[in-house]
Amino acid sequence: MIEQPIMVRIFDITKESPGVKTLFFKSKLNFEPGQFIMVWIPLLDEKPFTISYFQEELAGISVLKKGLFTNALHNMKKGDKLGIRGPYGRGFSIPKTLNSCVVGGGIGMASLATLTERLGNVTIVQGTKTASEIIYRERFKNMNICTEDGSIGFKGTTVDLFAELLKKQSFQRVYACGPEKMMYRIFELCNSRYIECEVSLDRYIKCGFGVCGQCDCSGQRICIDGPVFPSNELSNMKDFGKTLILKNGKRAYC
Amino acid sequence: MIEQPIMVRIFDITKESPGVKTLFFKSKLNFEPGQFIMVWIPLLDEKPFTISYFQEELAGISVLKKGLFTNALHNMKKGDKLGIRGPYGRGFSIPKTLNSCVVGGGIGMASLATLTERLGNVTIVQGTKTASEIIYRERFKNMNICTEDGSIGFKGTTVDLFAELLKKQSFQRVYACGPEKMMYRIFELCNSRYIECEVSLDRYIKCGFGVCGQCDCSGQRICIDGPVFPSNELSNMKDFGKTLILKNGKRAYC
Amino acid sequence: MPKIDLSINLCNIKLANPTILASGILGTTKALLKRVVENGVGAVTIKSVSTEPREGHKNPTVITFEGGMLNAVGYSNPGVDAAAIEFASIEDVGAPVIASVIGTQKEDFVQVINRLSKSKFSAIEIPLSCPHTPGFGMLAEQGTPQATFDITSAVRKVTKLPLFVKISPNIPEICTVAKAAEDAGADAITAVNSMGPGMVINIEAQKPVLSFKVGGVTGDALRPIAIRCVYDIYKAVKIPIIGVGGISTGRHAIEMIMAGASAIGIGTGIYYRGIDVFKKVCEEMTQWMQENGFYSINSIVGIAHD
Amino acid sequence: MPKIDLSINLCNIKLANPTILASGILGTTKALLKRVVENGVGAVTIKSVSTEPREGHKNPTVITFEGGMLNAVGYSNPGVDAAAIEFASIEDVGAPVIASVIGTQKEDFVQVINRLSKSKFSAIEIPLSCPHTPGFGMLAEQGTPQATFDITSAVRKVTKLPLFVKISPNIPEICTVAKAAEDAGADAITAVNSMGPGMVINIEAQKPVLSFKVGGVTGDALRPIAIRCVYDIYKAVKIPIIGVGGISTGRHAIEMIMAGASAIGIGTGIYYRGIDVFKKVCEEMTQWMQENGFYSINSIVGIAHD
Ligand SMILES: Cc1cc2nc3c(=O)[nH]c(=O)nc-3n(C[C@H](O)[C@H](O)[C@H](O)COP(=O)(O)OP(=O)(O)OC[C@H]3O[C@@H](n4cnc5c(N)ncnc54)[C@H](O)[C@@H]3O)c2cc1C
Ligand SMILES: Cc1cc2nc3c(=O)[nH]c(=O)nc-3n(C[C@H](O)[C@H](O)[C@H](O)COP(=O)(O)OP(=O)(O)OC[C@H]3O[C@@H](n4cnc5c(N)ncnc54)[C@H](O)[C@@H]3O)c2cc1C
Ligand SMILES: Cc1cc2nc3c(=O)[nH]c(=O)nc-3n(C[C@H](O)[C@H](O)[C@H](O)COP(=O)(O)O)c2cc1C
Ligand SMILES: Cc1cc2nc3c(=O)[nH]c(=O)nc-3n(C[C@H](O)[C@H](O)[C@H](O)COP(=O)(O)O)c2cc1C
Ligand code: FES
Ligand code: FES
């Protein structure tokens with residue numbers, strides 16, 4: 001394998017919410033839910049995105065507008081070219097017939113989308129700050145939605161809603177992706193109830209294939225050992241929920 | 001494939017004639033009759049030799065003492081190490097059930113030995129200057145032998161003896177290896193009788209895999225296009241039987 | 001049969017085996033160094049540290065091609081103050097740790113070394129040879145014999161730790177540079193840094209892939225060059241050599257040691273064979289030594305020479 | 001849809017396509033040159049010729065490794081008198097033929113060129129950059145800017161044929177050398193010669209494999225270095241560049257042309273893909289150009305530059 005971007009044309013663009021667009025492109029990636037690709041805009045930069053749609057050689061990434069690079073992605077048009085390489089990393093484990101729940105906070109829902117499709121019958125929790133930020137409403141009809149401002153669904157965070165759900169039912173496995181503090185609390189909740197949990201971590205990515213050391217979390221490389229980690233590994237990762245490493249190598253709090 | 005010598009230990013040494021020794025070594029070469037290997041003596045040189053024995057992972061080269069390198073080979077002992085790479089080149093074609101004849105002049109017989117074994121029922125002509133130079137007498141019991149001094153067998157050259165044989169019988173295919181002048185005359189004899197002929201040419205070899213251009217014969221590279229050439233190709237090779245190229249690139253007469 | 005002993009003594013540092021994690025690969029955190037030690041390495045090198053924090057180049061910073069890898073990370077690092085915290089009580093990692101120190105001028109090297117002096121590093125390495133970071137290495141002419149002598153001398157004055165000078169394969173006068181380092185008091189030569197630089201262009205994008213356009217070449221492509229450099233340097237200096245460049249198997253390691261290396265560095269090999277490349281290389285070396293009648297690393301060093 | 005046109009005009013030589021057989025590969029006889037032409041090449045280069053016959057180094061002279069090839073042939077050639085006979089009526093080969101001329105001093109170059117002047121060569125190439133032959137190229141310091149200028153000037157005086165100067169990837173000051181060649185009247189730069197040298201040691205034999213111990217590195221390992229060299233030289237000189245190094249596919253050829261090459265040389269590619277590599281590369285280029293909306297080679301030259 002050669003780790004170099006391949007150029008693909010944007011086949012379609014859909015708007016998921018005011019801040020999130022999905023860019024579709026044709027691709028024969030050998031992709032597992034939870035893995036990511038590196039997206040290159042020549043002369044600008046290259047950044048990691050999860051594949052949020054994957055059907056019949058059409059793949060999509062759902063991009064939350066944040067800074068320079070995601071802005072540039074939002075400004076792209078049908079027919080424009082992007083470089084992609086990957087997929088990289090270890091995805092979610094997908095056991096058959098488990099009673100499971102996915103918990104997505106904000107754009108974290110993108111990482112869980114293809115997993116959710118694969119799992120089929122699964123409890124879905126999606127939470128955002130406010131109603132307009134909820135994505136994939138058409139795609140997943142029976143989501144348990146929550147917003148911090150209560151503008152739609154349950155008022156509160158995904159952690160609050162998940163805790164509510166746990167009062168009524170139990171799960172054999174929980175998958176979470178979102179802000180690290182949120183994931184950490186979901187992980188704790190699961191641990192206290194002996195529920196297996198897998199979360200998809202987020203660190204600054206450079207190489208994407210395990211050599212540069214940029215994406216460290218307690219000796220684990222997010223890009224190749226993760227981004228998905230199960231509870232038993234997370235228990236040994238002291239940095240989880242606490243510190244991350246910036247582009248320049250400095251530590252910062254999550 | 002990586003074209004670098006692999007060291008093998010000399011497993012056994014047998015004397016074929018006063019001037020010819022066979023060195024055996026264990027090897028899993030994927031070898032076809034007519035192909036050759038490059039034999040390396042570290043710090044000395046590396047030269048081409050045909051595989052003259054090949055049975056159950058035991059391969060042998062029969063070496064005629066000629067100059068510095070073949071002398072060094074003759075001085076080696078059981079257990080000494082040699083580098084080998086290959087096998088290289090195009091070997092003899094081996095059609096089933098043809099009535100065929102192999103004609104070996106001098107050490108040329110070495111190139112024909114494994115072919116002869118593969119063909120099974122085949123007419124064998126071996127010629128040398130004198131009786132003591134005949135090799136493989138135990139190995140091939142029913143050889144038609146000739147010597148220039150008549151000290152054993154037919155008195156004359158392999159060409160003479162082959163011409164005699166042709167008076168009594170015909171062949172569908174003839175294989176020849178020996179001095180180029182001899183091969184050229186066998187080729188002519190065959191042509192005049194519409195017998196298919198294959199000869200194994202001898203040119204100075206450097207790379208062995210078709211890049212250096214040292215082994216040219218009329219635009220054919222002996223090392224990769226040959227060393228075995230069939231009549232129809234030989235007909236277009238003007239240098240065949242006439243000129244060869246020395247180590248320094250100068251032309252000389254065969 | 002005598003037992004195979006892979007351990008070495010490199011400038012009075014004891015290594016369980018001759019493999020060393022090369023600088024810039026995974027050496028960003030103490031946790032990662034520890035992980036590499038768990039995977040059987042003999043010693044580790046931290047990612048190079050400068051006085052101030054550096055973001056490095058933008059992505060793409062590391063790519064591969066048919067013959068190896070290209071990188072232009074650009075010396076991203078948190079600066080010496082943060083590094084001193086990250087690598088405090090570095091002795092915890094369980095193997096000797098080499099501090100890689102960079103600077104744009106010799107005072108910087110001195111400053112970084114002084115500020116790291118509280119951590120128990122086993123040696124200092126100064127790469128004067130990066131081919132793709134403005135202000136440093138080859139792009140700042142730190143790789144000339146004179147500059148190598150000057151920087152090495154300045155560093156020598158402020159540390160008693162074994163001092164390794166890391167040099168570039170891109171210069172015809174490599175032996176002169178190695179000699180200059182030796183003369184200035186270096187305890188070992190690390191040979192080599194990445195080669196080139198090289199460039200890969202994506203033809204559909206019509207642009208170089210690396211954001212810095214060019215990057216240092218490592219991996220298989222570099223190995224024969226690195227072997228030749230070590231072979232030549234071995235004849236030119238008396239101090240030990242740490243051979244680095246394209247090593248990913250036990251055979252490669254033995255080859256480098258036969259060329260004259262006393263220890264070997266591995267970087268790109270992690271890409272080729274995983275983070276446990278160190279364990280694999282050691283196992284392969286042990287097996288080869290067993291089969292070929294060698295029982296210590298010392299008995300192999302430089303034996304390809306006449 | 002416009003027809004794809006691969007033909008180029010290189011210093012007023014018309015080539016059916018931009019592929020050129022690099023010097024030293026198969027260029028030993030007229031018959032082999034003809035064979036290469038039958039396999040679709042745009043122009044061919046003869047193996048370098050000196051005043052006197054040369055045996056070159058002993059075998060092994062050419063080996064391969066994971067990243068490419070190593071050679072130390074050592075400029076074996078029959079000398080100019082025999083070469084003049086071999087390459088008489090060279091126009092028969094059916095494509096432009098470039099004479100590669102070497103010497104230990106500038107008078108040798110002049111002498112060889114004069115003696116070859118009866119043959120209808122289309123251009124002269126002088127490699128000042130071989131890394132493994134004592135008396136020539138890098139081992140005779142012919143690759144410095146000054147020596148390059150001197151030899152090129154001397155040759156310029158005795159031939160009206162297009163003059164190509166072939167330079168080494170092993171020197172930091174590659175652009176200065178290219179500029180020196182241009183200033184001295186070269187019509188094109190051939191970039192690059194083989195890299196290194198490198199060394200491969202057989203660990204069971206405990207000896208370097210090549211009889212000359214070291215050899216020039218070519219093939220995949222060289223490509224990113226060659227691309228970078230051409231990219232840099234393109235900015236430094238106005239004359240065309242023949243890009244050589246690691247090209248074995250149409251994509252590689254396009255990449256080299258985007259870096260700034262007007263034509264491309266192929267050597268080791270013959271090992272990777274056979275003697276018809278030229279045909280394959282041209283077919284692949286044509287298809288790529290079709291798919292990507294390019295119709296002439298000219299429109300691609302240097303477009304990776306900002
Ligand atoms: C495995 C993984 C999968 C991801 N999947 C998605 C996704 O599907 N959709 C989505 O919108 N976002 C995803 N992200 C986050 C996305 O990479 C960042 O939002 C994006 O890089 C921001 O770039 P920017 O220039 O717009 O913002 P900036 O202003 O440069 O940065 C905003 C924040 O984004 C993060 N970031 C920037 N560069 C990188 C980088 N190279 N690697 C990791 N994080 C970076 C930093 O935390 C930074 O604080 C994913 C991140 C990871 C690690
Ligand atoms: C395809 C092929 C298969 C061969 N198989 C055998 C074999 O099975 N047994 C055997 O005894 N000999 C074989 N030879 C010939 C053998 O390679 C030479 O006899 C040997 O190289 C002589 O080396 P030297 O140093 O002893 O003699 P030198 O004194 O160096 O040379 C004697 C003659 O050997 C030839 N020769 C020398 N070096 C080479 C070289 N690198 N390549 C080709 N020819 C060379 C030259 O014609 C020279 O005139 C074969 C040659 C070829 C091309
Ligand atoms: C991604 C990457 C980053 C590197 N960063 C540094 C660095 O910060 N300091 C340094 O001295 N060498 C650095 N190097 C060079 C390596 O330490 C090593 O010399 C080179 O990679 C050759 O070894 P290899 O072929 O085993 O990778 C880096 C190499 C790579 C591939
Ligand atoms: C076996 C071999 C012999 C060579 N001989 C010569 C030579 O005689 N003169 C020369 O200028 N270059 C010579 N070269 C260098 C090539 O012309 C070319 O510059 C180099 O191989 C890089 O291109 P490649 O990667 O396509 O092989 C030789 C290369 C090889 C592999
Ligand atoms: S991003 Fe380089 S190791 Fe993970
Ligand atoms: S020996 Fe090199 S081409 Fe045949």
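Throughout, a chain's letter reflects where its sequence line sits, starting with A, and its residues are numbered from 1.
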Seminar exercise, completed: Applying a strict 4.5 Å limit to non-hydrogen atoms, the region of E291(D) in contact with chain C is neither
For this session: Select one option (side chain, backbone, both, neither) describing which atoms of L70(C) are under 4.5 Å from chain D's heavy atoms.
Result: side chain
For this session: Output, in order, the C-alpha distance, side-chain angles, deciding distance and verdict of side-chain contact (heavy atoms from CB on, under 4.5 Å) for E255(C) and M199(D).
Result: CA-CA 10 Å; E255(C) 184 181 356; M199(D) 176 184 285; 5.9 Å; no
Problem set entry | Rounded distance (nearest 0.5 Å) linking atom CZ of R223(D) with atom CD1 of I201(C) | 11.5 Å
Exercise. Pick from G198(C), P169(C), G67(C): which one has the most heavy-atom pairs with chain D under 4.5 Å?
Worked result: G198(C)
Seminar exercise, completed: Applying a strict 4.5 Å limit to non-hydrogen atoms, the region of I303(D) in contact with chain C is both
Exercise. Side chains of H305(D) and K213(C): does their closest heavy-atom pair fall under 4.5 Å?
Worked result: no
Exercise. About how many Å separate CZ of F294(D) and CD of Q206(C), when rounded to the nearest 0.5 Å?
Worked result: 4.0 Å
Exercise. Relative to chain D, which of P197(C), G196(C), P172(C) shows the most heavy atom pairs under 4.5 Å?
Worked result: P197(C)
Exercise. Would you say E173(D) has more than 12 foreign heavy atoms packed within less than 6.0 Å of its CD?
Worked result: yes
Exercise. Would you call V217(D) and R228(C) a side-chain contact if the rule is heavy atoms closer than 4.5 Å?
Worked result: no
Problem set entry | Top of G215(D), G68(D), A304(D) for chain C proximity - count of heavy-atom pairs under 4.5 angstrom | A304(D)
Seminar exercise, completed: Checked I203(C), L222(C), N292(C), I227(C) vs chain D; the most non-hydrogen pairs under 4.5 Å come from I203(C)
